[in-house]
Every structure is written in structure tokens, then in C-alpha cells.
Amino acid sequence: MPEKNELMERVASLSKRRGFIFPSSEIYGGIGGFWDYGPLGVELKRNVREAWWQDMVRGHDDTTPPPGMPSPYAMVGVETSIVMHPQVWKASGHYDLFHDMLVDCRHCKARFRADQLATSQCPEKPSKRPGEHTTCDLTEPREFNLMFKTYVGALVDPESEAYLRPETAQGMFTNFKNVLATARVKLPFGIAQIGKSFRNEITPRYFTYRSREFEQMEIEFFCRPVESRLWYEYWRDRRFRWYVSLGLSGERLRLREHGREELSHYSCGTADIEYAFPFLPAGEFGELEGIAHRGDFDLRSHMEGKLVRRGEELVVETGPDGKPRYPGSGKDLSYFDEETKERLIPHVIEPSAGVDRSLLAFLCEAYAEDAIPDENGIPQPRVVLKLHPRLAPIKAAVFPLLRKEGMPEVALDLYRELRKRWNVDYDDRGSIGRRYRRQDESGTPFCFTVDGQTIADGTVTVRDRDTTVQERIPMTAVAPFLQERLATG
RNA sequence: GCGGGUAUAGCUCAAUGGUAGAGCCCUGGCCUUCCAAGCCAGAAAUGCGGGUUCGAUUCCCGCUACCCGCUCCA
């Protein structure tokens with residue numbers, strides 16, 4: 001295998017060569033932080049999404065308590081708009097967190113908040129404030145906004161300003177009452193969503209890892225405060241196992257619990273699921289998913305207004321007039337617990353995963369270079385994507401060994417049958433070995449070949465991508481064979 | 001945002017102040033009874049914009065993108 005720093009280039013090169021990922025707007029020179037998925041990439045990405053949706057939402061049994069948990073829970077999905085009422089982001093805290101007027105020092109490269117210049121220090125002369133030291137060379141205050149701004153309505157004026165969402169989560173919180181009122185759910189329950197989000201990354205980097213337009217798979221899990229710690233641990237462990245079940249190895253994948261000092265001001269527990277991406281320095285990991293215990297921060301924010309910490313308490317931040325600086329909706333988002341006859345504000349566990357980051361991790365993990373003996377027994381190099389069959393863009397390929405003696409006709413029949421249910425390739429071009437290699441680079445887990453014996457006894461060979469071992473099975477067993485191996489996990 | 005590097009075909013690389021080559025890949029054909037065989041034919045490139053020059057892919061400037069290191073970060 002290539003060196004670590006080279007591995008990423010090989011993966012990026014394969015992505016381009018085989019049509020997984022392209023730079024966005026490439027014919028115009030590209031645009032930083034944006035990427036396109038090609039014919040294989042879009043299949044892989046849909047498979048990542050669908051595996052998540054199937055495992056978290058569709059396939060969830062809401063009548064049976066998970067092992068060791070006190071109760072069953074419900075899970076429903078939503079798909080909410082990308083542009084939301086601007087007040088959402090003010091109440092949620094994103095507006096302040098992502099939006100600052102900043103001043104840079106051209107000399108010492110330090111960056112300061114414009115509103116804090118008076119209380120900041122010049123890094124080179126701590127006794128003076130920025131701008132007061134002789135070498136200081138400050139820029140004018142510049143607007144620094146990690147949220148994409150847009151305008152709702154054709155008229156461009158400040159009144160119509162809105163933002164592209166920097167996370168999908170707020171759409172679940174703003175629909176908390178709607179879901180409660182319509183989905184016949186009770187605590188505990190989760191709301192799931194997959195969708196695009198946008199952040200103006202300062203430094204887009206590492207291929208698609210840090211993109212400005214990206215896709216999230218998020219769950220907001222609402223539960224009783226007394227059970228929240230238990231559910232936090234449930235989700236943390238369950239989400240970790242999900243990545244393992246789709247092929248990320250124990251060595252490169254890790255679960256990291258945040259230390260106290262690392263926690264957000266509202267969180268009482270956060271864990272990251274991290275992957276040792278090949279572009280990172282040895283020993284460093286990049287986040288795939290964060291599982292955060294968010295307490296009642298979000299629902300309270302949307303009731304009362306933007307919250308700030310005062311000592312151990314979260315209180316509504318007030319403006320000069322004593323009123324909430326960024327008011328919430330004023331709507332009651334509390335929950336009446338029929339079991340305990342209590343009214344409470346549910347606590348929230350948030351497993352928030354990146355689709356593109358997961359995909360990139362699956363791709364990096366799957367990439368392998370090995371050697372397969374040729375007809376003379378001499379090892380020949382091969383590039384193969386050992387993707388989990390559930391994720392593989394093409395599930396199987398069907399080949400006629402030769403383009404004669406009735407083989408193409410039989411192979412086409414098989415192809416057409418399989419094609420009704422799965423993304424399957426038919427290929428009769430070039431030598432059989434070449435065709436196997438093509439599929440290896442695309443990550444196709446199985447190849448079925450129609451040969452002379454097929455015509456005689458109705459069996460085909462199945463060739464396994466990872467081992468290259470072949471076995472014969474009846475043609476009638478091909479669909480059940482695939483069905484079994486592509487089963488949901 | 002700062003500094004350094006890079007930019008030639010889908011990929012990996014050559015070359016040149018004067019017609020830009022190759023290997024792989026890809027397409028069509030021939031051949032071929034299981035792991036990148038062979039033969040024939042074909043498609044395909046100097047990131048973008050300026051400048052110098054008779055002529056720039058080559059030299060200079062700017063921009064963009066990517067990589068590396070800082071900075072920043074959810």
C-alpha cells in the first residue's frame with residue numbers, strides 16, 4: 001500500500017477516474033469548497049443515506065425496548081426547508097456564533113473581534129491594545145460570516161436577509177410541536193432528517209472533508225431528563241456500531257468522549273466518532289459524527305430566546321432594554337407526560353453525522369492495492385475498492401465469457417432480471433480479466449459469468465471481489481444469492 | 001487571512017520561445033473458453049486573464065483551483 005500522504009491522492013485520483021467525485025464547476029476553474037458526485041459517487045452517496053435511513057428510521061421497531069433500555073421509542077422523519085425564518089438562527093445562537101466583525105493585524109497576523117479591541121492585547125506588546133503598538137497594522141473591521149446570506153424575495157434589502165441553514169437540526173426543533181401533534185409519538189422519540197447544509201468554511205481543505213456545501217444525517221432524540229444520560233450512551237454506542245457494521249475498521253475508527261473543558265456551554269456530554277483519514281498527520285483523527293447531550297437548550301431557546309450561561313444556569317440573554325436580545329418563538333414547546341402527570345421540557349440527544357465525510361471515510365477504508373496472479377502465476381497489481389456490499393454503487397456485474405455461442409443472450413437475460421431490483425452492470429468488452437478489474441475499481445462485490453458450461457447445465461460462476469475466488473451456482477440462485485448478501489444490517 | 005509548492009489528454013508523466021509526445025484508460029473492429037494478452041483503427045490536453053515577443057504551453061504579472069505549513073473553526 002502507498003504511504004499515508006500519498007494514499008489520499010490515489011483515492012482522489014480514483015474518484016476522478018471512475019466518476020465518484022469531481023471538483024464543482026471544473027470547466028470554469030472550480031470553486032473552492034464545493035464538489036460534485038459523478039455516476040458512481042451518486043450511487044454510493046444514496047447508499048450511505050439509505051443505509052442510515054433504513055437502519056435508523058424505516059427499519060426501527062418502535063414496540064420493543066432496545067437491549068438494556070427502559071422503554072421502546074418511536075422514530076419519524078422530516079424534511080425541512082433550507083431557508084428558514086432568520087430569527088431561528090438568532091435564537092439558536094448561530095447568528096452570534098457564526099457572525100462577527102473582525103479586525104486582522106497585517107503585521108502579526110493576529111485576528112481580533114472588533115467589539116473587543118478595547119479589552120484585547122497586542123500579541124507582540126501585551127501591555128498595549130491592538131493598533132497601539134508601533135508595528136501594528138490593522139485592517140478595517142470586516143464582516144465575517146460563516147453562514148451563507150441570501151435574500152428572500154426579489155428585492156435586495158436588509159429586511160429580506162435570510163440564511164442558508166448551517167445545520168439541519170433546527171428544522172427538527174421548529175417542528176417539535178407539529179410532530180408531536182401529528183405523529184402520535186410520546187417520549188422518548190426521535191426525529192430524523194437528511195439534508196444539505198452550508199457553512200462558509202474559512203479554509204476548505206482535505207478533498208471533500210471540509211466543504212462549504214455538505215449533507216447531514218441528523219437525529220434529534222427527545223427524552224425525559226432523568227433518562228437522558230442513559231439514552232445518550234445508547235446513541236453514542238449505537239452510532240459507533242453503525243460505522244463498524246458498514247466496514248470501518250476498529251483501528252482507524254474511534255469513539256472519543258469529550259473532556260469537560262471541551263464541552264459546549266449547554267452540553268452535558270458529547271462524543272465524537274472519528275476516523276483516521278489518510279490526509280491527517282499520523283495519530284490524528286477527523287470527526288465523522290458528533291453525539292451531543294444538549295439538555296433542554298434547543299427547545300428552551302426557541303421558547304424563550306437565545307440563552308447564555310450564567311454560572312451553572314442558562315438564562316435568556318438580554319439587550320440594553322432588559323428584553324431578550326434575540327427572542328424565541330414564545331410558543332410553548334414543553335411536553336405533558338401522561339405517565340407522571342408532569343409537564344417538562346424534554347432533553348435532547350443529537351447524533352449528527354456528515355454524509356460526505358462518512359462517504360469519504362468509506363472510500364478511504366475501501367481503497368486497496370494488492371496483486372492477483374495472472375495466467376502464468378505472476379502477481380499483477382490491482383486497485384480494488386472493498387466497499388461493503390450495501391454501499392457498493394454497482395451491486396453485481398454480468399459477463400458472457402465470450403461474445404459467441406449464445407453466451408451474450410443468456411447473460412443479457414440474467415442481467416435484465418437482476419436489473420429490475422439492483423444496479424447491475426453488463427459488460428462484454430475486452431478480456432474477462434480486464435472486466436473483473438474494471439469492476440474491482442468500482443467496488444462491485446460480485447461478478448457473474450456465463451460460460452460454455454452455463455449453456456449445458458444452467459450454472460454460472462460467481463467471482464468474489466475481495467478474494468477473487470469463484471464458485472458455480474445455478475442461474476436461478478443468483479437473485480437469492482444477491483438478496484442475502486445485500487441484506488440490511 | 002498569511003507563507004511555500006503545483007497546474008500539459010479521463011489518469012500518470014514527457015517535451016518545447018516556432019506543428020505538444022508516450023503509457024494506461026476510453027471508443028469501434030479482429031482475436032480470445034476465467035483475472036489488466038495481442039493486432040488494427042480512433043477520440044482526447046498546455047487551468048483562466050493580461051503583458052513581453054514576429055511568434056508564449058514555455059518568460060513576466062494577476063486570478064482561480066489543488067497540495068503542504070500557519071491562522072481559524074461547529
Side-chain angles (χ1 to χ4, degrees), chain A residues 5-6 8-10 12-19 22-35 38 92-94 97-98 100 102-113 123 139 142 144 146-147 166-167 169 197-207 210 214 216 262 264 267 270 272 279-281 287 290 292 350 352 354 370-384 399-405 407 428-441 447-455 460-465 467-470 472:
Chain A
N5 50 7
E6 217 179 292
M8 198 59 226
E9 279 178 40
R10 307 250 185 135
S13 173
L14 176 69
S15 294
K16 180 83 186 292
R17 186 167 74 247
R18 285 294 167 184
F22 307 123
S24 170
S25 318
E26 195 183 10
I27 60 171
Y28 286 101
I31 174 167
F34 298 92
W35 299 88
S92 73
H94 287 86
L97 191 65
F98 283 9
D100 278 313
L102 295 177
V103 170
D104 286 303
C105 178
R106 295 187 190 92
H107 175 73
C108 69
K109 312 304 180 194
R111 175 170 284 164
F112 311 95
R113 281 179 56 167
T139 63
R142 291 183 292 187
F144 192 88
L146 268 53
M147 287 198 290
E167 62 171 34
S197 295
F198 304 80
R199 295 180 191 180
N200 256 319
E201 296 289 348
I202 298 167
T203 314
R205 193 172 270 211
Y206 302 139
F207 202 27
R210 191 172 292 165
F214 58 99
Q216 295 182 295
E262 212 180 336
S264 310
S267 183
T270 299
D272 283 345
F279 47 75
L280 296 173
E287 183 182 344
E350 178 186 81
S352 171
D370 59 13
I372 302 298
D374 64 12
E375 53 195 350
N376 300 315
I378 300 165
Q380 299 293 339
R382 156 179 99 138
V383 171
V384 55
F399 306 146
L401 183 59
L402 298 175
R403 247 188 294 188
K404 60 183 184 185
E405 293 170 26
M407 294 178 203
D428 60 8
R429 292 170 298 190
S431 73
I432 190 74
R434 185 70 200 88
R435 284 178 264 166
Y436 286 141
R437 297 300 178 85
R438 262 201 288 264
Q439 296 297 334
D440 288 341
E441 279 204 350
C447 294
F448 301 101
T449 300
V450 169
D451 57 13
Q453 193 177 332
T454 308
I455 312 299
V460 295
T461 62
V462 187
R463 182 260 197 184
D464 181 271
R465 176 195 64 200
T467 63
T468 76
V469 170
Q470 293 179 60
R472 291 201 81 88

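Proteins come first, then strands; the chains are lettered A, B, ... in the order of their sequence lines, and each starts at number 1.
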Could you check whether the side chain of [X] and the base of [N] have a donor-acceptor pair of N or O atoms closer than 3.5 Å, going by distance alone?
| X | N | result |
| --- | --- | --- |
| Y436(A) | rC34(B) | yes |
| R463(A) | rC35(B) | yes |
| T468(A) | rC35(B) | no |

- Which distance, rounded to the nearest 0.5 Å, do you find between the CZ of R463(A) and the CD of Q439(A)?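 Answer for the CZ-CD pair, R463(A) versus Q439(A), is 9.0 Å.
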
- Query: In Å and rounded to the nearest 0.5 Å, what is the SG to CZ distance from C447(A) to R437(A)?
  - Reply: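 C447(A) SG to R437(A) CZ: 12.0 Å, rounded to 0.5 Å.
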
Does [X] reach a base, just sugar-phosphate, or nothing at all? Heavy atoms under 4.0 Å.
| X | answer |
| --- | --- |
| Y28(A) | nothing |
| G33(A) | sugar-phosphate |
| E201(A) | base |
| T461(A) | base |
| E287(A) | nothing |

Taking the same atom, [atom1], in [N] and in [M], what whole-Å distance lies between them?
| N | M | atom1 | value |
| --- | --- | --- | --- |
| rA22(B) | rC34(B) | C1' | 31 Å |
| rG23(B) | rA15(B) | C1' | 15 Å |
| rG21(B) | rU57(B) | P | 15 Å |
| rC54(B) | rG1(B) | C1' | 44 Å |
| rC59(B) | rG18(B) | C1' | 15 Å |
| rC63(B) | rC2(B) | P | 10 Å |
| rU64(B) | rC25(B) | P | 38 Å |
| rG17(B) | rG29(B) | C1' | 43 Å |

- Task: On the 0 to 90° scale, with breaks at 30° and 60°, tag the F207(A)-W35(A) ring pair as parallel, tilted or perpendicular.
- Result: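 Perpendicular: the ring planes of F207(A) and W35(A) meet at over 60°.
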
Look at the side-chain N and O atoms of [X] and state whether any lies under 4.0 Å from the OP1 or OP2 oxygen of [N].
| X | N | value |
| --- | --- | --- |
| K16(A) | rC11(B) | yes |
| R382(A) | rC35(B) | no |
| R434(A) | rC25(B) | yes |
| R438(A) | rC35(B) | no |

- Pull out every stem in RNA chain B, meaning runs of 3 or more consecutive Watson-Crick or G-U wobble pairs with both distances under 3.5 Å.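 Only these stems qualify: B:1-7 with B:64-70, B:10-13 with B:21-24, B:26-30 with B:38-42, B:47-51 with B:59-63.
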
- Message: Salt bridge check, R382(A) against D370(A): does any charged N sit closer than 4.0 Å to a carboxylate O?
- Response: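 Salt bridge flag = yes for R382(A) with D370(A).
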
Shorter than 3.5 Å, N or O on both sides, protein versus nucleotides 68-70 of chain B: list them out with atom names.
from	atom 1	to	atom 2	distance (Å)
rC68(B)	N4	R205(A)	NH2	3.3
rG69(B)	N7	R205(A)	NH2	3.4
rG69(B)	O6	R205(A)	NH2	3.3

- Item | K404(A) side chain, from C-beta outward: closest of rA36(B), rC11(B), rU33(B) |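 In terms of side-chain proximity for K404(A), the closest of rA36(B), rC11(B), rU33(B) is rU33(B).
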
